[in-house]
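Take a look at the structure set out below.
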Amino acid sequence: MKKLSKYQIEILDMFWVFLISIFIRLNSLAPNSLWQDDSYVALVIKATSFEEFKLTAGHHPGFSALLLSLYKFFGFSELLFQIPSFVLGILLPGIGYLALKRHNFSRRFSFTFALILASSPTLVLVSSRVKPYSTETFIAVLYLYFLSNEKTLKNDIYIFFFSIIALLISYYSLFVIGAYYLSLANFRQYKFHENRNLYFGFGVFIFFLLSYKLYLNSLPLISAIMVHPHVFYDWPIRDVFKGVFAGFNSMTMATFIPVYLLKWTSYDIFSETSRFYQFFYSGISLTVLFNSKKIFKHNYKLGIFVVSPFIITVIGALLGYLVWGKGVPEQYRMLSSLIPCYAIWILFSAKEIFLKLKLDYFFTVSIFIFLFMISIFYIKFNPYFLYPQQDYRAAIQLIEKDIDGSNQNWLIKTTDGTSPGAVLYDGSVNVEFGPGLIFSSSKSKSELVDLSGSEYQDIKMVYTIYINKDYDLSYLGYKKEKLNYSSLGNLFVSKWKK
């Protein structure tokens with residue numbers, strides 16, 4: 001039998017990783033309705049001005065512009081809006097594999113890294129979301145690949161302009177872009193032709209500062225705190241340090257990304273706040289930090305690239321710009337672009353430990369154990385990785401069917417953050433954007449709308465859409481009536497008649 005060439009082996013490895021990526025992610029595609037956060041981003045299709053566009057775009061104007069372009073050409077569908085995240089989510093493990101091979105890592109190490117990217121719970125989750133998190137991670141592995149490129153003026157110019165585009169796609173790409181240019185900078189060389197990437201990186205940073213500042217200042221929301229409720233600018237300094245420290249050992253508050261980004265531990269074994277997790281995460285984090293020096297010895301530029309995003313994150317936290325509150329699940333999705341760096345860090349530390357203990361043979365065995373754990377994890381927690389079921393489309397159809405044939409005036413009242421989904425699916429053309437993440441239309445009214453106003457006196461029927469807490473409209477003379485319907489996931493509808 002003819003022996004496979006190096007390139008044939010690489011293609012075969014990438015093919016298997018590609019299949020695993022698709023297999024794990026496939027069952028989250030094409031839901032009947034987008035859930036509330038994704039509906040908020042998808043409302044870009046109803047924006048009629050740049051001000052309204054920015055309200056739905058948030059920190060990712062380029063990504064939202066892509067969704068808007070897809071809508072202009074193909075119309076709206078849930079699957080269509082999931083495609084960018086899904087496609088990039090299944091491609092990034094293969095790019096990551098090639099990147100490490102070009103950094104002279106072994107096939108075994110590179111393949112394991114690709115498997116982690118293919119099966120990381122966070123990356124699986126974001127691959128079906130109508131948000132830029134999967135795109136940001138893809139950009140991260142691209143820069144990991146760029147790091148091994150030949151540093152010619154032509155390549156440097158291409159990457160400079162790509163960096164500008166990447167920032168416009170999502171400003172959260174700054175973490176890995178900054179790490180890339182820091183890893184190439186030689187602060188002892190000041191001649192342009194000898195250290196031009198230092199100047200290119202400075203140019204990208206200036207573009208980020210000016211464009212993001214201008215972008216934020218022009219938002220109708222005045223404050224970035226309102227853009228995302230998990231950002232806390234006003235924490236006392238003691239709580240800031242506490243938040244940074246908690247990132248090493250817990251899931252309550254975090255700025256440094258702990259191992260739960262890649263975790264395979266069972267949610268049923270212990271409470272997330274138990275001492276087990278604190279010791280477990282602390283042990284992993286400290287082990288990784290102690291082995292950081294070895295990465296620099298293997299590849300100095302790669303070491304800078306891997307470590308820099310976390311240094312940037314912690315410094316940002318201490319300066320009051322990257323401190324995150326209790327909404328940790330959203331936080332680690334928003335910083336999912338850091339997962340490739342952390343995966344290299346963990347894998348390299350594991351390899352060094354095996355070598356130090358003279359157990360290199362068991363590193364291969366550990367890969368098979370890892371694959372077995374992935375299989376058990378996804379079999380046991382498969383519902384967790386399904387697309388969140390909040391069926392706004394079915395809820396609106398239910399309401400329209402119930403009111404069909406009636407000549408009574410009616411409207412929909414939303415609560416619990418359900419206004420984006422209701423407005424997206426209620427068929428209204430004109431949408432009132434804001435304040436914050438709250439939307440209203442001619443049919444659906446947000447929680448800020450007071451139904452006691454004179455303009456709503458002739459409304460005889462009110463349907464409420466909620467997740468946890470329904471309204472009590474009896475004080476306005478409404479009486480709750482029974483409304484039968486099949487499951488809408490964790491979404492509920494009630495009917496109030498005057």
Side-chain angles (χ1 to χ4, degrees), residues 33-37 39-49 51-56 58 219-230 327 390-404 406-483 485 488 490-498:
S33 170
L34 298 179
W35 75 308
Q36 61 189 67
D37 278 12
S39 295
Y40 157 67
V41 178
L43 273 174
V44 68
I45 67 175
K46 296 196 176 187
T48 58
S49 68
E51 297 301 309
E52 292 177 350
F53 170 84
K54 287 185 292 186
L55 271 172
T56 61
L219 278 172
L221 294 181
I222 302 176
S223 170
I225 298 172
M226 296 295 292
V227 175
H228 206 287
H230 303 309
Q390 286 180 353
D391 204 337
Y392 291 95
R393 186 189 297 276
I396 298 298
Q397 291 172 348
L398 164 74
I399 293 170
E400 291 175 342
K401 183 179 179 180
D402 186 73
I403 203 68
D404 187 39
S406 172
N407 57 1
Q408 293 179 325
N409 294 325
W410 62 280
L411 57 75
I412 299 169
K413 192 79 165 69
T414 65
T415 185
D416 291 340
T418 59
S419 66
V423 169
L424 180 64
Y425 287 98
D426 69 6
S428 300
V429 176
N430 297 319
V431 174
E432 182 181 338
F433 285 72
L437 309 181
I438 298 170
F439 304 85
S440 291
S441 68
S442 58
K443 294 181 181 179
S444 303
K445 302 300 178 183
S446 73
E447 47 264 54
L448 295 184
V449 175
D450 185 2
L451 296 184
S452 63
S454 57
E455 65 269 35
Y456 300 109
Q457 293 303 310
D458 61 341
I459 300 297
K460 302 300 180 183
M461 199 85 71
V462 175
Y463 295 90
T464 60
I465 297 181
Y466 63 99
I467 298 172
N468 295 313
K469 187 178 180 181
D470 191 11
Y471 289 106
D472 182 359
L473 301 179
S474 57
Y475 76 100
L476 294 174
Y478 291 94
K479 183 178 179 182
K480 192 172 186 177
E481 293 193 345
K482 188 175 182 180
L483 185 64
Y485 55 90
L488 302 172
N490 68 331
L491 195 68
F492 303 94
V493 179
S494 60
K495 177 181 178 180
W496 296 81
K497 186 175 182 180
K498 184 178 283 187

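The OH atom of Y485 lies 6.5 Å from the CZ atom of F492; values are rounded to the nearest 0.5 Å. One distance of note links CG of N409 with OH of Y456; it measures 12.5 Å at 0.5 Å rounding. Distance check, rounded to the nearest 0.5 Å: CG of L424 to CD1 of I45 gives 5.0 Å. Taking CG from L448 and CD1 from I438, the interatomic distance works out to 4.0 Å, rounded to the nearest 0.5 Å. Taking OG of S33 as the start and OH of Y425 as the end, the distance is 4.0 Å to the nearest 0.5 Å. Considering OH of Y40 and CG of L55, their distance stands at 6.5 Å, rounded to 0.5 Å.
Side-chain N or O atoms of E432 include none that pairs as donor or acceptor with a backbone N or O of S440 at under 3.5 Å. Side-chain atoms of S39 come within 3.5 Å of backbone N or O of L34 as a donor-acceptor pair. Looking only at distances, no side-chain donor or acceptor of K413 sits under 3.5 Å from a matching main-chain atom of Y471.
Residues I459 and W496 form no side-chain contact, since every pair of their non-hydrogen atoms from C-beta on lies 4.5 Å or further apart. Side-chain contact between N490 and W35 is absent, with no heavy atoms from C-beta onward closer than 4.5 Å. Put simply, the side chain of S452 reaches to within 4.5 Å of the side chain of L476, judged on heavy atoms. Within the 4.5 Å cutoff, the side chain of Y392 has heavy atoms near those of the T418 side chain.
With sequence neighbours left out, the salt bridge (Lys or Arg N to Asp or Glu O under 4.0 Å) criterion links K497 to no other residue. With sequence neighbours excluded, the residues forming a salt bridge (Lys or Arg N to Asp or Glu O under 4.0 Å) with E481 are K495, listed by chain and number. The side chain to side chain donor-acceptor pair (under 3.5 Å) search around K445 returns none, not counting sequence neighbours. When the side chain to side chain donor-acceptor pair (under 3.5 Å) test is applied to T48, the partners found at least two apart in sequence or on another chain are E52.
What you find for D426 and K46 is that their closest heavy atoms are OD1-NZ, 4.0 Å.
Applying the salt bridge (Lys or Arg N to Asp or Glu O under 4.0 Å) test to pairs two or more places apart or on separate chains, none has a residue in residues 453-469.
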Which pairs of donor and acceptor atoms, one on a side chain in residues 461-468, lie under 3.5 Å apart (sequence neighbours left out)?
{"unit_1": "Y463", "atom_1": "OH", "unit_2": "D402", "atom_2": "OD2", "d": "2.4"}
{"unit_1": "T464", "atom_1": "OG1", "unit_2": "D470", "atom_2": "OD1", "d": "2.7"}
{"unit_1": "T464", "atom_1": "OG1", "unit_2": "S494", "atom_2": "OG", "d": "2.2"}

